[in-house]
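Taking it in order: structure first as structure tokens, then the write-up.
As a basis for the values below, the full set of heavy atoms in this structure was taken, side chains included, without hydrogen atoms, waters or symmetry mates. Keep in mind it's a predicted model, so treat the numbers as computed, not measured.
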Amino acid sequence: MKIDIKYKWLLSLVLVGILASCSDDIEDLTLESPPEKASLISGTLTLSSIVQNDENAVSKGFPSFVQSIDLASRFDFSDFALELNEDGSFTLSSGGAPNFIGVESGTWSLDDPEFPETVTLNSGSNSIPLRVKTYNGLLEGEINLSFDREFDGKLVSSYQLTFEKQ
């Protein structure tokens with residue numbers, strides 16, 4: 001299809017007019033820098049969901065009801081809270097639920113302040129890495145972490161944790 005030259009000029013003028021009218025909108029557009037992940041992660045986190053995976057059952061292909069269990073349906077985790085203070089200290093209170101993480105207080109750190117993959121809890125000689133599963137929900141105060149338990153260097157179980165920031 002061949003377009004007459006006068007229509008090409010008209011089409012060009014229309015496009016320039018559209019672009020010129022949009023320039024004011026573009027100048028008014030300001031981008032805010034995203035908040036630091038450390039500030040989004042720190043605070044009082046209450047456990048809202050916990051799923052334990054039996055890694056041996058997973059590796060052997062056992063049925064899914066054997067591979068994982070929702071521990072929140074078995075124990076009362078309503079008082080389970082992890083407080084990550086901005087000064088780098090933490091406290092963990094389990095209430096009446098088992099403290100499956102195994103530490104109660106100490107210091108915490110991120111492997112990367114901008115895009116952390118791991119939140120590490122340090123208490124005495126214990127160093128507990130909690131992996132950040134996703135950033136989805138972080139702005140709304142939901143934090144998804146995972147934790148592995150090993151025995152004699154072999155992965156035995158893993159935990160999928162969902163915390164709500166208070």
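S146 OG to L130 CG: the interatomic distance, rounded to the nearest 0.5 Å, is 8.0 Å. Separating the CG atom in L71 from the CD1 atom in I50 is a distance of 5.0 Å, to the nearest 0.5 Å. The distance from atom CG of N85 to atom OG of S105, rounded to the nearest 0.5 Å, is 11.0 Å. Rounding to the nearest 0.5 Å gives a distance of 3.5 Å between OG of S158 and CD of E55. For the atom pair OG1 of T162 and CG of L145, the computed distance is 8.5 Å after rounding to the nearest 0.5 Å. If you take CD on Q67 and CG on N56, they are separated by 10.5 Å, rounding to the nearest 0.5 Å.
Panel note: side chain T118, backbone T120; no donor-acceptor pair is recorded below 3.5 Å. At distances below 3.5 Å, at least one donor-acceptor pair connects side-chain atoms of S94 with backbone N or O atoms of A97. One N or O on the side chain of N99 and one on the backbone of V103 form a donor-acceptor pair closer than 3.5 Å. For D112 (side chain) and E114 (main-chain N/O), a donor-acceptor pair under 3.5 Å exists by modelled atom type.
S157 and D54 share no donor-acceptor pair across their side chains, judged by distance under 3.5 Å alone. Side-chain atoms of T46 and Q166 include a donor-acceptor pair closer than 3.5 Å. No side-chain donor-acceptor contact under 3.5 Å links N144 and T134.
Linking Ile, Leu, Val, Met, Phe, Trp and Tyr residues whenever their side-chain heavy atoms come within less than 4.5 Å leaves F65 and V58 in two separate clusters. Residue L155 is not grouped with residue F151 when hydrophobic side chains (ILVMFWY) are merged at heavy-atom distances under 4.5 angstrom, including chains of intermediate members.
Put simply, the side chain of E140 does not reach to within 4.5 Å of the side chain of L138, judged on heavy atoms. V119 is listed as a side-chain neighbour of L110, based on a closest heavy-atom distance under 4.5 Å. Between Y159 and V51, every side-chain heavy-atom pair lies at or beyond the 4.5 Å cut-off. Using a 4.5 Å cut-off on side-chain heavy atoms (C-beta onward), E150 and V156 make no contact. E83 places a side-chain heavy atom less than 4.5 Å from the side chain of T44. Within the 4.5 Å cutoff, side-chain heavy atoms of W108 are placed close to those of S42. Taking 4.5 Å as the limit, some side-chain heavy atom of R131 sits within range of a side-chain heavy atom of D148. P116 places a side-chain heavy atom less than 4.5 Å from the side chain of I41.
Counting all heavy atoms, side chain and backbone alike, L161 lies closest to F147 at CD1-CB, 4.4 Å. For the residue pair F77 and L47, the shortest heavy atom distance occurs at CD2-CD2, 3.5 Å.
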### Task
Quick one: do E142 and K165 satisfy side chain to side chain contact (heavy atoms under 4.5 Å, CB included)? Show the steps, please.
CA-CA 6 Å; E142 181 178 280; K165 187 173 178 182; over 6 Å; no
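Each of L121, N122, L45 was scored for a side chain to side chain contact (heavy atoms under 4.5 Å, CB included) with F90, with one residue passing: L121.
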